[in-house]
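Some notes on the structure that comes next.
This chain uses plain numbering: 1 for the first residue, then up along the sequence. Atom set for the values below is all heavy atoms of this structure, side chains included, hydrogens, waters and symmetry mates excluded. Ligands are counted one by one from 1 in listed order, and the atoms in each one are counted from 1 as well. If you're wondering where the values come from, they're calculated on a predicted model, not measured in any experiment.
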Amino acid sequence: MGKKIFSGVQPTGNLHLGNYLGAIKNFVKLSKDKNNECIFCVVDLHAITVSQDPKELRDNIRETVATFIASGIDPEKNIIFSQSKVSAHSEAAWILSCIARMGWLNRMTQFKEKAGKDKEKASIGLYSYPVLMAADILLYDTSHVPVGDDQKQHLELSRDIAQKFNNDFNVDDFFKVPEPLIQKEFSRIMSLKDGLKKMSKSEISDQSRVNLTDDKDQIINKIKKAKTDALPMPSSGEELSKRPEVKNLIGIYSSLTDLNFDEVIKEFSGKNFSDFKESLSQVLVDKITPISVEIKKLLQDSNYLDKILLDGSEKADKIASQKMKKIHEIIGF
Ligand code: ADP
Ligand code: TRP
């Protein structure tokens, strides 16, 4: 049987290799299976949990749509839309915030990381962010949610919220309890400058990530300068537990080539590090530059991108508003 897929990406700029290998690559694969129904959402309401410049936000929304399409998601066969245009998301988030418990949210590690030391100054939206994410998922009877490893905890919260709602109102299976789809290997791509930190949009140094809009020279340069260590290429996987940067680069190579980790180690064992970096740059350039060129081309035509969002939001709104109607009935509104 086919799957009902829903996932979201924040329009906060700098989409990078981590987003691609951790999430978007999987979106593309799932969307190509004719049995699946896929919805991909540009989660702009999530983006404003930290302050955004309106012009940049507008550009980033279009860039995220362009990235989906350039990566291989067909907008005719799948729904691509922006969250703010389907009001059921905000409404369901409020209702579900009355189901979710403070104790559950207090455990969310992403909030702790993002809020940093001064929690008092974080927005309430940043705190309740995972409840909005639950609303996104549950409105569409989603069966599977492809995400990177960092979103696992949020997905567990969505499952808890669905189950509590179903129990509280005695409506078995009203909200479908969603399953995560997280890649088993290399679900977390690390920074090129620090193998213990995840590759991230918000990292100040651009050298820490490969952006999906980088050109050939930028990619080659970033890989050349990527942090490694003084030891030669490893001859076994066990050697890598204390070499996070090397492990990450081998992981990236393995993800891009669909070779497993041991195969990659075997291929490069005994060779110079520079040989490996050269091969890695080559596979990155082959994979990323066509996407980068296509993103830039699509961005020239903002009317086309806006039309996709408009069509997508009409389709999404139909599904979400029907679910919302049933939610009202169940609650007693
Ligand atoms: P972020 O600010 O974390 O990049 P996004 O909403 O843009 O947040 O993330 C989009 C998707 O990319 C999510 O499924 C997330 O888990 C995934 N992702 C983000 N960073 C990484 C990474 N370094 N490695 C693997 N997956 C990642
Ligand atoms: N919180 C996710 C992230 O930062 C983005 C997101 C919002 C999402 N709503 C979602 C992902 C629903 C999957 C399903 O990456």
Polar contact flag for [X] and ligand 1 (N/O pairs, less than 3.5 Å):
X: Ile189; result: yes
X: Leu15; result: no
X: Gln10; result: yes

Protein contact of [atom] - nearest heavy atom, named by residue and atom, plus distance:
atom: atom 17 (C) of ligand 1; result: Asn19 ND2, 4.0 Å
atom: atom 14 (O) of ligand 1; result: Gly148 N, 3.0 Å
atom: atom 11 (C) of ligand 1; result: Ala23 CB, 3.7 Å

Do Phe81 and Asp317 have side-chain heavy atoms sitting under 4.5 Å apart?
no

So do Glu263 and Thr257 actually touch side chain to side chain, heavy atoms under 4.5 Å?
no

Show the protein residues that qualify under the rule heavy atom under 4.0 Å from an atom of ligand 2, listing them in chain and number order.
Phe6, Ser7, Gly8, Gln10, Val43, His46, Tyr129, Met133, Asp136, Ile137, Val145, Val147, Gln151

Tell me yes or no: between the side chains of Asn106 and Tyr127, is some donor less than 3.5 Å from an acceptor?
yes

Donor-acceptor side-chain pairing of Thr109 and Glu113 below 3.5 angstrom
no

In this structure, which one of Val145, Ile39, Leu181, Asp33 forms a side-chain contact (heavy atoms from CB on, under 4.5 Å) with Ile5?
Leu181

Pair Arg62 + Asp306: basic N to acidic O under 4.0 Å
yes

Would Glu203 and Lys197 pass as an ion pair if we require N to O under 4.0 Å?
yes

Option whose closest heavy atom lies nearest to atom 15 (C) of ligand 1, chosen from Val147, Asp150, Leu155, Thr12:
Asp150

Kindly indicate, with the supporting measurements, whether the criterion side chain to side chain donor-acceptor pair (under 3.5 Å) is fulfilled by Asp136 and Gln83.
CA-CA 8 Å; Asp136 299 340; Gln83 196 185 25; 3.0 Å; yes

Fit a plane to each ring of His89 and Phe6, take the angle between them on a 0 to 90° scale, and name the class: parallel (under 30°), tilted (30 to 60°) or perpendicular (over 60°).
tilted

For the pair His154 and Tyr129, name the ring-plane relationship: parallel under 30°, tilted 30 to 60°, perpendicular over 60°.
tilted

Below 4.0 Å from any atom of ligand 1, is there a heavy atom belonging to Met190?
no

